[in-house]
Amino acid sequence: MKIKKATSTIIFEIITYGLLAIGSLVCVFPFIIILSGSFTDNVTILTEGYSILPRNFTLSAYETIFRAPKDILQAYKMTLYYTVVGTAIGLIMITLTGYVISRREFKYRNQVSFLIYFTSIFGGGMIPWYLMYANVLNLKGSTFAIWFPALMSPFLIILMRTFIVGSVPEAITESAKIDGAGHFTIFAKIVMPVLGPGLATVGLFLALGYWNDWYRSSMFSTNSETWELQFYLYDLLNATTALKQMSQGTSISTAQLPTESVKLAMAVVATGPVLLLYPFVQKYFVSGITVGAVKG
Amino acid sequence: MKKVKRLVSILLVLTMVLALTGCGSKSAADSLDEAAITETAPEETTSAEETTETEAAELDTSERVDLVFYVMGDAPADEKMVEDAINEILLERVNATIDMQFSTWTDFQQKYSLELTAGSADLIYIANWLNYGQLATSGAFEELDGLLDTVAPALKETVGEANLNMCRVDGKIYAVPCAWAEYVCNGIKYREDLRVKYDLPVPDSLENFEAYLLGIKENDPNQGLLTVTTEESQGFLTAFDAAWIFNIKYPWVNTNGLPYGLASNYDTPADVYDYWYSDDFVEDMKLMKKWADLGFWSKSALSDTNNSESYKNGLCVAEIAGQNPNKQITALQDFKNDGHDDWQSEYLAYGEVTNTIYPGHATQNGTAIVRGCKNPERALKVLEILMTDEEVNRLVQYGIEGVHYEIDDQGIYHNLNSASPTFAYEGFNTWALRNGEFKLPQETDVVLNEMFDKYEKLGEQTKFPNVNIYNGFSENYDAYQAERTAVSNVMKQYLAPLQAGLVDDVDAAVAEFRQKMTDAGIEVCRDGFKEQWAAYCEEYGYK
Amino acid sequence: MEKSIKLLPRCNAILDKKLAGRKTGVFITAVVSLINIILSLPFFAWINVVNIPTLFPKLNITKDMATKLFQSYSIFNLLSFVQESNQGTIGLYAMILLVIMAAALYFNAAYLVKVVFNLKGSKGNLSLYATGRTAMFFEVILSLATFGYVIFSNGKFGMRGFQASPIVYIVTVLSLLSYLAVKIMEAEERKIYKEHGILKEVRKNWVLFVMLIPTFIYFMINNYLPMIGVYYAFTNFNFRDGLWASPFIGFKNFEFLIKADLFRLTRNTILYNLVFIGLGNILQIIFAILVSQVTVKWFKKTTQTLMFMPYFVSFVILKVLVYNIFEYQYGLINNIVTSMGGDRIDFYNTPSYWPVLITLFYLWKNIGYGMVVYLATIMGIDSEYYEAARVDGANIFQQIWYITLPLVKPTFIILLLYALGSIMKGQFELFYQMIGNNGVLYNITDIFDTYVYRITMTQPLSIGLGTAAGLYQSLFGFIIVVLVNFLVKRKNPEYALF
């Protein structure tokens with residue numbers, strides 16, 4: 001049973017589909033270039049530039065990256081570990097905090113919000129932060145130092161607060177309280193179930209943060225066994241520049257440095273898995289009730 | 001009511017009284033007895049140190065010490081295996097172990113300073129490109145003068161008094177350099193095969209270099225000529241790589257002259273003159289403009305950073321910035337590996353033209369003990385063993401013989417897994433532990449050594465035979481930090497386009513550049529630099 | 001014991017007497033506040049330097065240096081002693097004293113203003129008392145810390161070189177008494193408005209406090225304790241003295257900011273950020289609405305995924321792509337232009353193109369990512385609103401205008417407010433990778449972060465410079481956020497950040 005659509009709806013749909021199609025094309029275009037470049041012979045890239053389809057097709061870039069498959073698999077494993085542990089713990093802490101500072105009956109919610117927000121503006125810089133973990137807590141080399149510092153962020157907490165305020169009307173929690181429900185009950189039975197999109201958003205941001213991080217490995221890892229994937233790749237890249245500069249001053253071997261196509265292949269290796277996983281998270285953003293949809 | 005008023009007024013009066021008594025803090029100098037002030041720092045502490053040093057002549061190794069050796073770069077796959085082999089020997093000899101820690105190549109400058117700040121390492125790699133001079137002045141390392149005599153006389157002998165003296169900062173030794181001299185003289189790398197093919201001159205002067213490039217352009221208009229960027233031109237000497245070519249014209253004491261647009265010649269280091277404000281400079285910039293207009297490099301070169309593979313893949317026919325003999329060797333190897341057997345690379349050091357050849361400075365590669373190290377004696381002793389014991393030195397530099405490398409009949413080093421080495425040549429990146437006596441030559445070293453021999457002979461004929469004058473100098477710019485940063489910005493904004501030939505009117509652009517430099521306070525920097533430089537030349541007798 | 005019981009009502013009686021519409025207690029404490037402020041003025045000595053003839057040689061202070069030193073110091077110029085005498089070890093403590101002093105002054109002044117103008121909040125005098133209590137609290141802390149400072153530095157130097165002046169004793173006693181007085185008055189007021197103090201709150205909402213414990217620990221370790229490093233902005237670091245004892249040099253690290261074209265840098269940074277925040281959010285909302293309206297499932301999923309992709313392109317790779325597109329000789333655009341018979345465009349030597357290009361690439365990279373927040377918000381909207389609107393005959397545009405946008409507004413305002421705090425913090429990676437070392441473009445593409453980065457690169461030991469720059473950025477953002485948040489809060493407290 002179909003209902004005739006209004007003219008305005010038709011116009012709107014044309015605009016929607018048109019704009020989204022153009023937007024997607026623009027966004028995916030560079031990625032296609034990267035993908036094709038990663039399968040192109042290095043000299044071809046340097047002499048002829050980038051193209052949409054690979055020329056002189058070769059897998060040598062991937063062979064270079066996977067030359068030591070054990071190392072890269074270990075890096076994948078560690079990144080997965082950091083992402084899962086960090087996102088799980090972080091999401092719980094962020095949601096709890098967001099819940100507390102969204103409660104009207106909590107007298108100090110503004111003060112707490114301010115104290116959390118304040119950290120996003122003021123900071124002592126990298127050095128004391130590093131010394132805190134490396135010297136005071138003596139965590140250099142541990143995996144804890146890699147996932148702990150990114151557990152929460154003021155941005156995500158405040159985002160979570162907005163989601164909670166937006167999706168849980170005060171009246172509902174008030175009536176639950178009158179029925180004798182405690183905070184943990186309200187949190188688990190009333191807030192969590194309706195927080196789907198919020199949890200998905202914050203969880204996604206947290207997970208992406210972990211997946212894309214290389215900095216904490218750079219700071220705290222003392223052994224390549226604890227390296228994050230992005231650091232593993234980033235360090236390969238940096239070795240090129242560093243050794244190039246250094247060999248200016250002293251005799252060192254600069255063989256085995258990554259080429260253009262290897263750099264592109266790295267980008268593919270690092271982002272591929274996330275893009276494959278993304279559709280699974282996506283259902284929280286697309287499965288809501290759609291406006292203009294006709295219930296049949 | 002009244003009570004309150006009275007209370008308030010009493011309180012106010014009280015403060016006023018206090019105000020009057022507390023007011024006007026007097027100068028502290030008033031209460032100082034002149035005799036009570038000593039103008040110089042007390043001497044007792046230093047003499048106390050000396051006595052302890054002499055007592056410690058016999059090293060106490062009763063307690064096991066675990067040392068951390070911080071080096072640059074990435075760890076080799078077989079780090080653990082080689083460390084164990086070294087530690088077995090070290091435990092037996094001096095009851096100590098070492099644990100190599102690697103900076104990795106990501107943010108290594110920053111992490112290096114952090115490591116020194118945190119003070120968790122004992123031994124650390126130093127180099128002038130890691131700002132050894134400034135760090136030593138700032139007190140990042142332990143003084144080694146006394147310790148070397150008492151704990152490690154053999155090390156002192158191996159390295160040599162002259163080399164050690166070059167590591168002096170403010171009169172004190174803070175680092176032990178490596179015991180192997182090398183030449184890193186900058187120059188031009190160019191394509192000999194193309195030069196011969198088109199019958200072009202050897203690029204041994206500005207004119208000939210121009211003729212070489214023009215000749216190739218005429219014969220093959222599609223051939224790229226130079227890939228110059230700003231990559232090799234950070235700092236206070238140049239702002240664009242093309243300007244390195246002027247080393248072929250001037251016999252400067254250092255590649256690209258002195259900072260802040262100053263210059264002095266190798267034969268007369270103390271005689272500093274002005275380059276940026278001279279007519280030579282205008283003339284040079286006009287040449288750059290001419291070359292840029294001829295299309296020697298891309299008009300977008302200032303934003304390009306991707307020059308690493310151009311020469312290797314034949315996209316350019318010469319490299320003029322940041323080159324050295326070792327890079328020539330790499331180029332030769334690359335051509336061979338990539339199947340370009342008909343391509344030939346040739347190398348011409350700028351110093352060959354201007355007669356200013358000198359070896360690398362001692363501070364190029366060295367090892368220091370981090371300030372606050374709990375066992376400096378043991379650390380130095382371990383360093384001595386690492387450098388002067390043939391067995392240990394080979395272990396730390398090349399790994400385990402038979403597992404990681406082998407030596408052939410000619411005594412040449414071969415890695416046993418050259419495809420993906422588990423411990424490469426100098427796999428711990430301990431370039432500072434090189435000892436000429438034990439150093440194993442690689443296949444490519446034959447050509448390299450020929451080049452070094454040639455340079456050594458040339459170097460002997462200079463006024464200061466085989467002495468690297470400039471690189472031992474470290475500037476203290478505390479007094480003019482703000483001006484210095486302003487100068488660095490003007491260089492990027494106004495000097496770079498000049499040197500890249502991107503301006504329409506060179507005279508006007510030079511005038512603007514000079515004006516901006518003056519506004520930025522270049523004079524302050526120059527005065528500060530000249531004063532320190534003069535003192536440095538005086539100290540070492542570079543007249 | 002008995003005496004104190006008798007004393008309390010008497011106190012109350014005195015404090016409760018009315019005077020010009022205010023309680024006497026308020027007046028007395030306000031006077032104490034005034035005294036505190038007066039005594040904090042620079043010409044009152046809080047700390048005396050004693051035993052100078054033995055102290056100075058011990059600290060290696062020469063005759064020359066001594067002429068710049070005084071026999072007594074207020075909290076204000078105490079740091080000048082640290083600076084002129086080269087005693088970095090006591091610098092951090094002196095700095096902390098100054099910060100407490102600033103806080104105390106602020107609250108004392110606020111208290112005075114509230115008393116004089118008889119400002120009342122929604123709950124009578126409660127906010128007045130809260131201010132007064134805080135002011136006195138900080139004053140007590142300040143005076144105690146001053147005693148601590150004297151003990152600390154005497155311990156450091158191993159002799160009696162410093163002495164607290166009588167003023168400190170007076171301030172301690174007065175403030176302590178006033179604190180108690182305010183407390184007593186506050187307790188009565190609380191009874192009227194059925195408000196409670198922190199202890200009661202903890203007892204009542206202990207579950208909420210428990211929920212906050214992990215967060216508290218996290219922010220303590222990760223943010224608040226390291227914040228002490230702000231002190232580096234005022235020191236000239238060297239390894240010999242270490243992080244906490246390096247010479248204190250006042251505002252010298254900030255000099256380079258003034259030397260630089262601070263106005264231009266600030267302007268560039270703020271303008272770019274405003275454009276990024278404004279355009280970015282608007283486009284994110286538009287695209288989020290568009291995606292939410294798509295009915296074909298596969299199209300919805302695909303477009304959303306594709307638009308998310310640019311987020312994963314690292315800036316290093318972006319730089320290479322950008323260079324290959326805009327290069328003069330063989331760049332993609334110039335190839336197209338010349339094949340159509342046009343003249344080559346010299347992008348890399350023409351600054352005016354770059355603000356547009358940078359903005360485009362920023363948007364390109366961030367729309368898909370930022371869109372997620374708005375999409376989630378829209379998904380959270382109750383479908384009944386739309387049903388009702390449709391029954392009323394609203395078309396799709398009206399539905400968006402009257403339902404979706406108002407409900408997205410809170411999220412938008414929060415994100416906007418949040419972003420304002422970082423208004424002086426530029427997108428470093430974006431600018432650094434796209435512009436790099438190309439000085440020709442600096443005039444309109446140089447932002448604060450790229451400038452500071454270049455400076456710290458030329459100076460290996462520039463811990464102080466970097467921290468000083470960060471402090472400037474933070475202060476700038478902080479002031480703006482506090483102002484805007486205040487305005488937002490007056491209009492609608494629900495939208496405020498804090």
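The structure presented is a predicted model; accordingly, all values stated were derived computationally and were not measured. Throughout, a chain's letter reflects where its sequence line sits, starting with A, and its residues are numbered from 1.
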- To the nearest 0.5 Å, how far apart are NZ in Lys111(B) and CE in Met126(A)? 10.0 Å
- Query: Nearest heavy-atom pair of Asn238(A) and Trp105(B): which atoms, and what distance?
  - Reply: CB-O, 3.4 Å
- Portion of Asn223(A) that has a non-hydrogen atom of chain B nearer than 4.5 angstrom: neither
- Message: Using a 6.0 Å cut-off, check whether atom OH of Tyr215(A) has over 12 heavy atoms from anything other than its own residue.
- Response: yes
- Query: Donor-acceptor pair, Asn135(A) side chain versus Ala118(B) backbone, under 3.5 Å?
  - Reply: yes
- Query: By a 4.5 Å heavy-atom criterion (distance strictly below it), what part of Gln234(B) contacts chain A: side chain, backbone, both, or neither?
  - Reply: neither
- Between Ser224(A) and chain B, which part of the residue has a heavy atom less than 4.5 Å away: side chain, backbone, both or neither? neither
- Item | Separation between CZ of Phe231(A) and OG1 of Thr106(B), rounded to the nearest 0.5 Å | 4.0 Å
- Query: Which distance, rounded to the nearest 0.5 Å, do you find between the OG1 of Thr104(B) and the OH of Tyr232(A)?
  - Reply: 13.5 Å
- Note on the structure: OG1 (Thr117(B)) and CD1 (Ile127(A)) are apart, to the nearest 0.5 Å, by 6.0 Å
- With a 4.5 angstrom heavy-atom cut-off, could you sort out which part of Gln110(B) is near chain A: side chain, backbone, both or neither? side chain
- Query: For Asp74(B), is it the side chain, the backbone, both, or neither that has a heavy atom closer than 4.5 Å to a heavy atom of chain A?
  - Reply: side chain
